[in-house]
*Asks:* 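This structure is in structure tokens; I'll ask about it shortly.
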Protein chains: 2
Amino acid sequence: MFLQFCIVKESKQRPGDPVGSALDIVGDKWSLMIIWNMIMHGKHTYNELLKSNEGIATNILASRLAKLEAAGLLTKETHPDSKAKILYRLTHKGIDLLPALVELMLWAHAYLPIHSAGDAYTKLLKQNKEAFVKRIVEDLKNK
Amino acid sequence: MFLQFCIVKESKQRPGDPVGSALDIVGDKWSLMIIWNMIMHGKHTYNELLKSNEGIATNILASRLAKLEAAGLLTKETHPDSKAKILYRLTHKGIDLLPALVELMLWAHAYLPIHSAGDAYTKLLKQNKEAFVKRIVEDLKNK
DNA sequence: AAAAACAACTTGCAAATAACAAGTTAATAT
DNA sequence: ATATTAACTTGTTATTTGCAAGTTGTTTTT
């Protein structure tokens, strides 16, 4: 059996464990939600993120943004429209979490009671996952 | 631009947001680690999981196992070897998180300092992700 | 030009959650 | 019969989160 080959006996785990290391950065309730909303809903400012991540506290959002910036997943820039605003932009490192997020989304669609399964981009995604992800990632990186 | 088409303005978020709903279940530090260790390291009992998830507290492991069972991601069975043991087994719902976990792993390999990138199954995975995931999922489900 | 409003936070505190150490119960091994 | 293993549970303490309110700098309104 294939799995037998894969099972690593007595591995020492983190560090050295990629999934554990990834979860050290985004293994909480809000980090992935923030990144998801930045990618798929085009949110780029503090107040936009506050509204789109329903239920997040202001201090938590601030601390998550700082943590994600420190981890190199996003950057803070002055907003072109106004000096009062700050524009949060994902780095390539942040954008490249999209494949994982898309898989999470598909899992949710398969197993969780989701109402809004019928929108256009969900259909596109299910038709051709690879192409969908590639296209969005490229769009975001070419900016 | 493609993204423009995808951005949903003024969405009401959770519930109705698949990623948010998924993170309500596995959006913490330990749940995905537990599932990952069950799938890729063949851990199936409380003590095995305690050792493989380095640093998890006993009460947290117990509560996560209960939560994941309640959410239908795994089941508790009496272990064939001994009545003293309990065998935790992933359901299809749990197994199907593997694609998301694999994407997280690949992301970590791309951006995080991981030592053990050279093992055989990591190479196989990078060569053919789809086939790799499919094979493991099928192995696990045919039990 | 002054006042109100907005944007991005910070601060203080109560409540919830997690980590740590120790103890409990049932089953097996010696 | 005794010791050990397995799977927890139960305090207790430390950390994190959630909530309300306040702060600072920048625009917008009057």
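Below, read A as the first sequence line, B as the second, and so on, with proteins coming before strands; counting in each chain starts at 1.
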*Asks:* For residues 90-105 of chain B, pull every pair meeting side chain to side chain donor-acceptor pair (under 3.5 Å), keeping only residues two or more places apart or in separate chains.
*Replies:* A/Y111-B/D96, B/D96-B/K141, B/E103-B/K129
*Asks:* Take the protein atom CD of B/E54 and the nucleotide atom C1' of C/dA18, then report the distance between them rounded to whole Å.
*Replies:*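 In whole Å, C/dA18 C1' lies 17 Å from B/E54 CD.
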*Asks:* Can you check the A/I60 CD1 to C/dA14 C1' distance for me, whole Å?
*Replies:*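 Spelled out: CD1 on A/I60 to C1' on C/dA14 is 14 Å.
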*Asks:* Please enumerate all residues that pass side chain to side chain contact (heavy atoms under 4.5 Å, CB included) together with A/N47, with sequence neighbours excluded.
*Replies:*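 Per chain and number, A/N47 pairs via side chain to side chain contact (heavy atoms under 4.5 Å, CB included) with A/L50.
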*Asks:* Search all heavy atoms of B/V19 against all heavy atoms of A/L101 and return the closest pair with its distance.
*Replies:* CG2-O, 4.0 Å
*Asks:* Does anything in residues 61-70 of chain B come within less than 4.0 Å of DNA chain C? Heavy atoms only, and list the residues if so.
*Replies:*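 Those residues whose heavy atoms fall under 4.0 Å from DNA chain C, taken from residues 61-70 of chain B in numerical order, are B/R64.
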*Asks:* For residues 55-76 of chain A, tabulate all N or O donor-acceptor pairs below 3.5 Å that involve a side-chain atom, not counting sequence neighbours.
*Replies:*
unit_1 : atom_1 : unit_2 : atom_2 : d
A/S63  : OG     : A/I60  : O      : 3.1
A/R64  : NE     : A/D28  : OD2    : 2.8
A/T75  : OG1    : A/R89  : O      : 3.3

*Asks:* Please report, rounded to the nearest Å, how far the P atom of C/dT17 is from the CH2 atom of B/W30.
*Replies:* 18 Å
*Asks:* How long is the line joining OH of B/Y46 and C1' of C/dT25, in whole Å?
*Replies:*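 Distance, rounded to whole Å: 14 Å.
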*Asks:* Should the pair B/Y121 and B/F132 be assigned to parallel (<30°), tilted (30 to 60°) or perpendicular (>60°) ring geometry?
*Replies:* parallel
*Asks:* Looking at A/N47, does any N or O in its side chain come under 4.0 Å of the phosphate oxygens OP1/OP2 on C/dA8?
*Replies:* yes
*Asks:* Are A/W107 and B/L98 close enough that some pair of their side-chain heavy atoms sits under 4.5 Å apart?
*Replies:* no
*Asks:* Got B/I136 and B/I39 here, is their nearest side-chain heavy-atom distance under 4.5 Å?
*Replies:* yes
*Asks:* Under a 4.0 Å heavy-atom cut-off, which of residues 73-87 of chain B touch DNA chain C?
*Replies:* B/S82, B/K83, B/A84
*Asks:* Taking the side chain as every heavy atom from C-beta outward, state whether A/N53 and A/K43 have any pair of such atoms under 4.5 Å apart.
*Replies:*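 Answer no - side chains too far apart.
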*Asks:* List the atom of B/L87, the atom of B/P80, and the distance in Å for their closest heavy-atom pair.
*Replies:*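 What the structure gives for the nearest pair is CD1-CD, 4.0 Å.
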*Asks:* Separation of A/L49 atom CG from C/dC9 atom C1', in whole Å?
*Replies:*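 Spelled out: CG on A/L49 to C1' on C/dC9 is 14 Å.
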*Asks:* Can you tell me how far P of C/dC9 sits from CD of A/E48, to the nearest Å?
*Replies:* 13 Å
*Asks:* Would you check if A/E48 and A/M38 make a side-chain contact, meaning some heavy-atom pair closer than 4.5 Å?
*Replies:* no
*Asks:* Separation of A/K29 atom NZ from C/dT17 atom C1', in whole Å?
*Replies:* 14 Å
*Asks:* Quick check for you: to the nearest 0.5 Å, what is the distance between A/L106 atom CG and A/L125 atom CG?
*Replies:* 5.0 Å
*Asks:* May I have the distance from B/L50 (atom CG) to C/dA18 (atom P), rounded to whole angstrom?
*Replies:*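 Computing the B/L50:CG to C/dA18:P distance gives 16 Å.
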*Asks:* Please find the earliest and latest nucleotides of DNA chain D, in the 5' to 3' direction, that have an atom within less than 4.0 Å of any heavy atom of chain A.
*Replies:*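 Nucleotide range with atoms under 4.0 Å of chain A: D/dT17 to D/dT27.
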